[in-house]
Every structure is written in structure tokens, then in C-alpha cells.
Amino acid sequence: MQIPNFSALLKLSLRIKLLKQIHGSILVNGLDHLEPILIRQIIVSSGSFHQTHVTQYVKTILNHTQHRDVSPLGYAIRFLCQHGQFQDAVIFYVQLQRSGVFPNTYALSSIPKAYGKINCKNGGISVHCQVHKYGFASIVYVQTALLDFYSKMGDIKTAHKVFDEMSDRNIVSWNAIISGYVKFGELEMAQSVFDRMPERDIVSWNAILLGYAKAGKMDQAYVLFKEMPERGASSWNVMIRGYIDRGNIELARGFFDAMPKRNSISYITMISAYSKCGDVESAEKIFYEEEKKDQLLYNAMVACYAQNGRPKEALHLFDEMLQPILNIQPDKMTLASAISACSQLGDSNMGSRIESYMGEFGIRMDNYLSTALIDMHAKCGSIDKAIELFHRLEKKDIVAYSAIILGCGINGRGQDAIKLFEEMIGSNISPNSATITGILSAYNHAGLVEEGYDCFELMQKYGIIPCVDHYAIMVDLLGKAGRLEEAYELIKKMPMQPHSGVWGALLLACSVHNNVELGEIAAAKCFKLEPNSTGYCSLLSKIYVSSGKWDEAKRLREAIEERGFNKVPGCSWIKPAEA
DNA sequence: TTAGGGTTAG
């Protein structure tokens, strides 16, 4: 078989289809006859592919090549880092070392960032040692990458030490150390480095501007902003973000409207600010007014819908992204929001589609995705799947614990929930309001009244102010146990106005335990709070019937008919899985 | 080297 002339082909390789053909030929014919320079060219040219495919190309090429030349491998590592594939970059770097290949500048100046991103401090430290061992200590790019790594890992002291020891510094090194100080709120140190810099560029100005914005010193930030020799979209974005953090969304919007050229970050900053304060309409307006919608913009809007209890719209937009005409690839961010939308709808079918999508596109699970999936499986009744996912989590944080505790609670696994709650406290993770909702629900399911009361005490210990929903669960718990008077007393002691959920819980309990007197009180409150709901009438009617109060039952029924109520059939929030 | 977005309850 004739071996193709790769050199000639590669000269024409800028076209995607051709590159794919070359790749196919390479797999068939092997790489033995290829020069390392050509392998490198394949990796370089493959930039026009979708990121996930590129990673596959790089992986395949690296795994097939017999040439253990550092040049293409170093390039591949840099490529992976530039495309956010940090885990892969680290795997290849380790592979490279195991094959006895010396790393080069490309690899060493990229890999610290990868170790930082995967939160592996020891990895970065070992790279630091190798830098000295292999004699790269005087390379400014490598040293800057290390200094940035230490500053991102929160070790600003070592970052400064690396900075001090650098024989050669460029503007990037100076900017990196300023950003390090800004990140840790050491504005004075950042300012002092900024003042000493031999020259400044827009990044240096943006970094110090951010320092003031983060410190909430917006007046001084504004002075700096006016003083800057040039301003970019990032400078405007820093101001927008600064005002948002100070709660001044109107002023932020003013800057957003006034900026000469917005970028995706400007849009997502504004959209997420509107999302957080529940102003979905303003977020939508910004989203639909922008004609060129990219992945970031879609992500922001999908998240906005999901966070504001509008899961159908979130999934509609998610579907729109996937349309071939747009072909915007969802990423981890999109998927996390979409999964959250699925759990709000109890739609496990869509959830499973998203899970297969993750497999197809090689999207790695992370804490956000796992937690969203844990919640989804739990809400869709697959509690075992949720528990399994939870146990596989690398880092179990408060959100994951809250999700699984609530999941166990609503699935009748009270004892599991209690065990997990104790485990969480034992790991020194403080509960938040959501965790309390979860554990109270679990106590409620298990009928553990005293534990419920203890929970209210625990809230005090952790500085959590009980909210109306916590009371609603407690009332339900007391009511189910037949402690109706106690439940009523608790409602009377509530520091806020009880909502219909609280009175509804008492009414339900009264109907179970046939308490006419309290039932009437609770029902009256429910009628007042939700005059259009018929469920409360049925409950009260049931109480009358069970207690033999036929006249009252009749009067109530007549009143219902007079007002034209129709009985609303019960509905479940869980959509059954398709057969 | 700077700016931004995702997960729990309500």
C-alpha cells in the first residue's frame, strides 16, 4: 500500500475535512514514518476543530507516536491548557516524564496553570523542583507561570519569593504579582507593586482597578478608571461588577449602556446580576436584544431561568442551542443549569439525555454537575443512584450534603439523611438554611419530633435564622404526631407571618386527627391566604364528616358550589419515566 | 498576566 505524502497533504491541511482525512490515514498507516515536526503541525492545524475533538486528536496522536520528541508533546500540553483541558494536560505531562523525555519551555510554562486549575498544589511544587533540576530557572515565562500558580493557590508569600528571585521580569510577571495581591485583598501591597512597575499596560491598570472595586472603593476606582491611559471592555466590566457587588445595579447598568464595545462577559455579568435579584425580564431583554449570541450568553440565560424557577424556559433555550443552525456546544455550565431545570420538572428522561450527552462529548463530571445530578436523581425517585453519585464525589461540600440529605428525606430514607447530616457536622461543615430544610424534612418523614426541636436549637448555634418554611415543616411534624395544640402554639410564636403552607400543614393534621376547633381556625387562615384553592375546603369538609357534623359539612359544600369551585384533580410533580 | 457564568431550599 502506498503511504500518503503527508508533507504535501499537511500543506493543504487548513481545511477541516482534509485534516480529518489525514487523521484517518494516520491511524491506518501509523505514525512511524512521520517526522515530529509534522506531528506538531497536525496539532497546530487542528485548532479549527471543536475543542473536544481536538483533545481526542491530540490524545490519539500522542498515544500512537513512536517519536518521543519533546517538541510536539510540549506543544500539545500547552494546547490542552489553552483549551481548558487541564486534567488531560497533567496526564500527558506525567506520561512525558515517565517516558524519560525532558520537558521544554512550552510544557513548563503551561503545566503550573493546569496543576492550579485542578487544585493540586503538590504537582505545581514538583514542577518548580523540575524547573531548577532541568535548568529552566532563568526562563521568564516559566518563572511567571510558577509565580502565578502560587498566587492562585493562595500562597502569596512563595509567589512573592519567586518574583523576588527572578533574574528577568517582564510586564506579565509584574501583572501576575499585582493580581495575586488583589486576589487576597492586599490592596496596599498591590498598589505598591503597581507604583514600582517600570512600565504598565492595560492589564496592570485593570488589575489595580479590580483591587479597588473588590475593596468596595468605587469612588477611587472611578478616579482610576478616568485616569487610565486606555480602557478596554475588561476595564468597563470591572466597574460594572464593582457596582453590582455594592448593590447598585442601576449604576452598573449605566456603565453597561455607556461602554463603547461590550463583550460576552459584559452581558453575562449583567444577566447574572439580574438573575440573582430575580429580575428575569431585564435579563431576557438584554439577552434577546443581542443578536450575536454565543455559548456564554446562552449559558447565562439558561442559568437565569433555572435559578428563578422557570425550568421549562431553561430547557427550551438549551434545546435551541443544540439546533444545527446555531450549533452552540453546551459546556459544563450549561449542563449544570439544564440538569437543575430537569430536577425542578422531575423530568428524568431529559436528565438521562443530558447524561448521555456528557458521555458522548467527553465532558468530565465535576462537583457542580455531580451535585445537580444527585439532586435530579433524588427528585425523580432514583435515590440509590443519587446516593451512589454522592459517595463517588471527590469533595463533598455543603451544597452536595444539602442535596443528598433533602433527597433522602423526601424519599423516606430518614435514617440515611440523619447519618449523612451527622457525618457532615463531623467533617466540620456548617449547615446552612437549605441543609436545615433537608434534615427537618427527614425528621418529618421519620416522625422524630424531639430531633426537630433540637434542630431549631442547632440553628441558633450556627447563626441560622429560622425561615417560614422551617416552621412549616415543624408544624407538619408536630401535626402528624397528633401534637396539634403544640403546633398551633408554635405558629403563634412565629416571628414572621405564616404562609398558607404553615396553616395548610396544621389543617391537614387536624383532618387526620379530627380536630374541629383548630381545623376551623387553620382553614379560615388558608381561605384568606389562598381564596381560590379548593383543597382546603375538602380538608375541612372531611373533618366535619369524620366528626359527624353533617350540617356544617353540608353548609360548606353549598358554599363551595355557590362560588363555583371545581374540584382540582391531584397532580404529581414527578414525570414518569418512559417505558 | 486582567474582567464572567454552573450545583442544594424558597
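Reminder, nothing fancy here: chain letters follow the sequence lines and each chain counts from 1.
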Subject >> salt_bridge(A:Lys285, A:Glu281) N-O dist < 4.0 Å >> reply: no

**OP:** Answer with yes or no whether the side chains of A:Asn263 and A:Ser266 bring together a donor and an acceptor at under 3.5 Å.
**Re:** yes

Original post:
Which of residues 159-188 of chain A sit near DNA chain B, with a heavy atom under 4.0 Å from it?
Top reply: A:Val172, A:Asn175, A:Ser179

Original post:
Is the closest basic N to carboxylate O distance between A:Glu284 and A:Arg310 below 4.0 Å?
Top reply: yes

Subject >> Residue A:Ala372, side-chain heavy atoms: nucleotide from B:dT1, B:dT8, B:dT7 that is nearest >> reply: B:dT7

Original post:
In whole angstrom, what separates A:Phe194's CZ from B:dT2's C1'?
Top reply: 12 Å

Subject >> Nearest-angstrom distance from the residue atom CE of A:Met376 to P of B:dA9 >> reply: 14 Å

**OP:** Can you tell me the distance, in whole Å, between the CG atom of A:Asn432 and the C1' atom of B:dT7?
**Re:** 12 Å

Subject >> Short side-chain N/O contact to B:dG5 OP1/OP2 from A:Arg241, under 4.0 Å >> reply: yes

Original post:
A:Tyr401 and A:Phe390: aromatic ring centres closer than 6.0 Å?
Top reply: yes

Original post:
Contact class for A:Thr371 vs. all strands (heavy atom < 4.0 Å): base, sugar-phosphate, or nothing?
Top reply: base

Original post:
In whole angstroms, how far is the C1' atom of B:dA9 from the CG atom of A:Leu440?
Top reply: 12 Å

Original post:
Between A:Asp201 and A:Ser204, do the side chains contain an N or O donor and an N or O acceptor separated by less than 3.5 Å?
Top reply: yes

Original post:
Looking only at side-chain N and O atoms, does A:Lys152 come under 4.0 Å of OP1 or OP2 in B:dT2?
Top reply: yes

**OP:** Identify whether the distance between the nearest side-chain nitrogen and carboxylate oxygen of A:Lys461 and A:Asp454 falls below 4.0 Å.
**Re:** no

Subject >> A:Phe287 and its ring-ring contact (aromatic ring centres under 6.0 Å, His included) partner, picked from A:Tyr298, A:Tyr267, A:Tyr274 >> reply: A:Tyr298

Original post:
Starting at CD1 of A:Ile429 and ending at P of B:dT8, how long is that distance when rounded to a whole Å?
Top reply: 17 Å

**OP:** With a 4.0 Å heavy-atom cut-off, tell me which residues in residues 261-275 of chain A come close to DNA chain B, sorted by residue number.
**Re:** A:Asn263, A:Ile265, A:Ile268, A:Thr269, A:Ser272

**OP:** Identify whether the distance between the nearest side-chain nitrogen and carboxylate oxygen of A:Arg353 and A:Asp347 falls below 4.0 Å.
**Re:** no

**OP:** Locate the shortest heavy-atom distance separating A:Phe456 from A:His470; write the atom from each residue and the value.
**Re:** CZ-O, 3.8 Å

Subject >> A:Ser370 versus A:Asn367, side-chain donor and acceptor atoms under 3.5 Å >> reply: no

Subject >> DNA chain B contacts made by residues 294-312 of chain A, counting heavy atoms under 4.0 Å >> reply: A:Leu296, A:Asn299, A:Ala303, A:Gln307

Original post:
Checking only heavy atoms, does the side chain of A:Asn367 share a donor-acceptor pair with the base of B:dG6 at less than 3.5 Å?
Top reply: no

**OP:** Whole angstrom is fine here: how far is it from CG in A:Asp245 over to C1' in B:dG5?
**Re:** 14 Å

Original post:
So, is A:Lys113 near the phosphate of B:dT1, with a side-chain N or O under 4.0 Å from OP1 or OP2?
Top reply: yes

**OP:** Output the single nucleotide from B:dA9, B:dA3, B:dT7 whose closest atom is nearest the side chain of A:Lys379.
**Re:** B:dA9

Original post:
Counting side-chain heavy atoms from C-beta on, which of B:dG5, B:dA3, B:dT7 comes nearest to A:Val238?
Top reply: B:dA3

**OP:** Return the value, rounded to whole Å, for the distance between atom CG of A:Leu420 and atom P of B:dT8.
**Re:** 18 Å

Subject >> Phosphate OP1/OP2 of B:dT8 contacted by A:Lys396 side-chain N/O (<4.0 Å) >> reply: no

Original post:
Rounded to whole angstroms, how far apart are CD1 on A:Ile339 and P on B:dT8?
Top reply: 10 Å

Original post:
Do we see a donor-acceptor contact under 3.5 Å between the side chains of A:Glu188 and A:Ser192?
Top reply: no

**OP:** May I ask you to check whether A:Asn170 and A:Ser173 show a side-chain donor-acceptor distance below 3.5 Å?
**Re:** yes

